[in-house]
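Remember, predicted model here, so these are calculated numbers, not experimental data. So that the names make sense, note that chain A is the first sequence line, chain B the second, and so on, each numbered from 1.
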2 protein chains.
Amino acid sequence: MSCESETIDVLRESGHKMTPQRMMILTSLRHASGHLSAADIFEQVKAAYPYVDISTVYRTLTVLKEMRLISETHMGGGDATFEWVASERHHHLICRHCNGVTLLDHTYLEKLGSQIEREVGFHADIDHFAIFGLCADCKRETASN
Amino acid sequence: MSCESETIDVLRESGHKMTPQRMMILTSLRHASGHLSAADIFEQVKAAYPYVDISTVYRTLTVLKEMRLISETHMGGGDATFEWVASERHHHLICRHCNGVTLLDHTYLEKLGSQIEREVGFHADIDHFAIFGLCADCKRETASN
DNA sequence: TCCTTTGTTGCAACGATTTGCATCTACTCT
DNA sequence: AGAGTAGATGCAAATCGTTGCAACAAAGGA
Ligand SMILES: [Mn+2]
Ligand SMILES: [Mn+2]
Ligand SMILES: [Zn+2]
Ligand SMILES: [Zn+2]
C-alpha cells in the first residue's frame, strides 16, 4: 500500500477515477521536495510512460487543485508552480528586486483568515500565498541612493 | 491639463517616454470604474488608434505594474485583470463555489503587512489581493448536505 | 532646428495553458 | 466475467501572454 492510498480514496469518493497517469502525477507531487512546474511533472511522468500528454497533466492538476490537495502559485518566474498542501502550511515572501524567496510561517495568515471568517463570514482558502515586495536587504539598498 | 499629467511626470522621471499609445492606455485605466482585461484596454485604444498592437498594451501594463501604478490580479475567471491603484486600496474575496466577488477593506491586510515588516523586515506590496474561498452562503449550503 | 541617444512600437514567432472532440477505460451493476 | 456509463485520455487547435528584431520616435542637447 503506497503512501497515496488515502488520496486515492478521497478522489474516488468525489466521483473521480484513478488512472495510471493520475497515479504517476500524484506520486510526483507527493514526493517532491518543493515547487514543481507542470513541465517538471510532465517530464517525470513521461520517463515512466512516454505516451502521456501535457494536457492530461494540466487536467489532473486542475482536479487536485479543486480538491485543495495541491496549491497553484505564480511566483513571478515564468510558469506556475504546484505544491502538495501538507498539514503544515506555509507561504512565501518574494522580493521584486533580488527575486529572493523566503518562507513565511502560516501563523501570520491564520490570523487574517480567522478575522475574515469572524467579521465577514467568508471562509478563506489560505493554502499557499506568494506575497511580493522588498526584502530587508533590498529595502536598505533602495533607501540609500 | 488632463488628470494624467502627474502620472506622466512620474513615468518620465523614471526614464520612460510618453507616447500616444501609452497615453491612451493610461486614460483607459484611469477612467475605468473597475477591473479591465488586457483585451478590454486593447479594444478601447484600438477604437481611437487602429494600429496599436496587443503587445504594446501588455508591455505598457508591465511598465505600469513595475511602477506600482496599477495592479494585476487573477480573479479566477479567465484573463488577468488590471486596475488603477488608487489612494484607497481594496481587496477582493472570491467564492470558489458561486464565483461571487466582494470587497475587502484594506485594513484587514494592512495589519498583516505591518506585522511582516516589523517581524521579518520584508516590505510587502499589498496593493490588490484576490483571496479565494467560500462565501457565507455557500459555506452554509455546503455544510447542509 | 538638427542630431544623437535610448526607449518604444508593430509584427511575427514563440511558449504556456486550455479546450473540443472522438476514443478509451475505470468503475458499477448485473 | 460482461455490459453500460460516466469520466479520462490523447491529439489537435485555440487562446492568452511573451519575446526578438528591425524600424521608429521621444527627449535632450548642440
Ligand atoms: Mn511553497
Ligand atoms: Mn479591485
Ligand atoms: Zn531583495
Ligand atoms: Zn459563494
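- With respect to A:T19, the side chain to side chain contact (heavy atoms under 4.5 Å, CB included) criterion is satisfied by exactly one of A:H16, A:R22, A:M23: A:R22.
- Checking the phosphate oxygens (OP1, OP2) of D:dT18, no side-chain nitrogen or oxygen of B:S55 falls inside 4.0 Å.
- In this structure, a donor-acceptor pair under 3.5 Å is absent between the side chains of B:H74 and A:H74.
- Distance B:L11 CG to C:dT8 C1': 13 Å, rounded to the nearest Å.
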Identify each atom pair where a protein N or O and an N or O of nucleotides 4-7 of chain C are less than 3.5 Å apart, giving names and distance.
unit_1, atom_1, unit_2, atom_2, d
C:dT6, O2, B:K17, NZ, 2.3
C:dG7, O4', B:K17, NZ, 3.4

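- Using modelled atom types, one finds no donor on one side chain facing an acceptor on the other under 3.5 Å when comparing A:Q21 with A:Y51.
- Taking only side-chain atoms of B:Y58, from C-beta outward, the nucleotide of D:dC11, D:dC16, D:dT9 with the closest atom is D:dC16.
- In this structure, CD1 of B:I8 is placed 16 Å from C1' of C:dT8, rounded to the nearest angstrom.
- No donor-acceptor contact under 3.5 angstrom links the side chains of A:T56 and A:D53, judged on distance only.
- A salt bridge links A:K139 with B:E117: at least one charged nitrogen is closer than 4.0 Å to a carboxylate oxygen.
- B:R59 comes within contact range of at least one nucleobase, with a heavy-atom separation under 4.0 Å.
- When heavy atoms are screened at a 4.0 angstrom cut-off, A:A39 is found touching no nucleic acid atom at all.
- Atoms CG (B:L61) and P (D:dG17) sit 10 Å apart, rounded to a whole Å.
- Closest-nucleotide positions on DNA chain D for A:Q21 and B:I54 were compared, and the one nearer the 5' end corresponds to A:Q21.
- To the nearest angstrom, P of D:dA8 lies 16 Å from CE of A:M23.
- Between the B:S114 side chain and the B:E110 main chain, a donor and an acceptor come within less than 3.5 Å of each other.
- Computed from coordinates, the A:K46 NZ to D:dG10 P distance equals 12 Å when rounded to whole Å.
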Show the distances under 3.5 angstrom between N or O atoms of the protein and N or O atoms of nucleotides 13-15 of chain C.
none

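- For the side chain to side chain contact (heavy atoms under 4.5 Å, CB included) test with B:H91, the passing option among B:L104, B:T73, B:D105, B:D127 is B:L104; the others fail.
- Atom CD1 of A:I41 and atom P of C:dA16 are 14 Å apart (whole Å).
- No engagement by B:F42 is indicated, since no non-hydrogen atom pair under 4.0 Å with the nucleic acid exists.
- In this model, a donor atom of one side chain and an acceptor atom of the other lie less than 3.5 Å apart for B:H128 and B:E83.
- When the nucleotides C:dC11, D:dG10, D:dG17 are ranked by their closest atom to the side chain of B:D53, C:dC11 comes out on top.
- Computed from coordinates, the A:M67 CE to D:dG7 C1' distance equals 14 Å when rounded to whole Å.
- Distances shown here put a side-chain N or O of A:T19 below 4.0 Å from the OP1 or OP2 atom of D:dT9.
- Checking B:R12 against B:E72, the closest nucleotide of DNA chain D that is more toward the 5' end is the one next to B:E72.
- Checked against the 6.0 Å centroid threshold, B:H35 and B:H92 count as a close aromatic pair.
- Summarising the geometry, the separation between NZ on B:K65 and P on D:dG17 is reported as 10 Å, rounded to the nearest angstrom.
- Remark: the A:S28 side chain and the A:Q44 side chain contain an N/O donor-acceptor pair separated by less than 3.5 Å.
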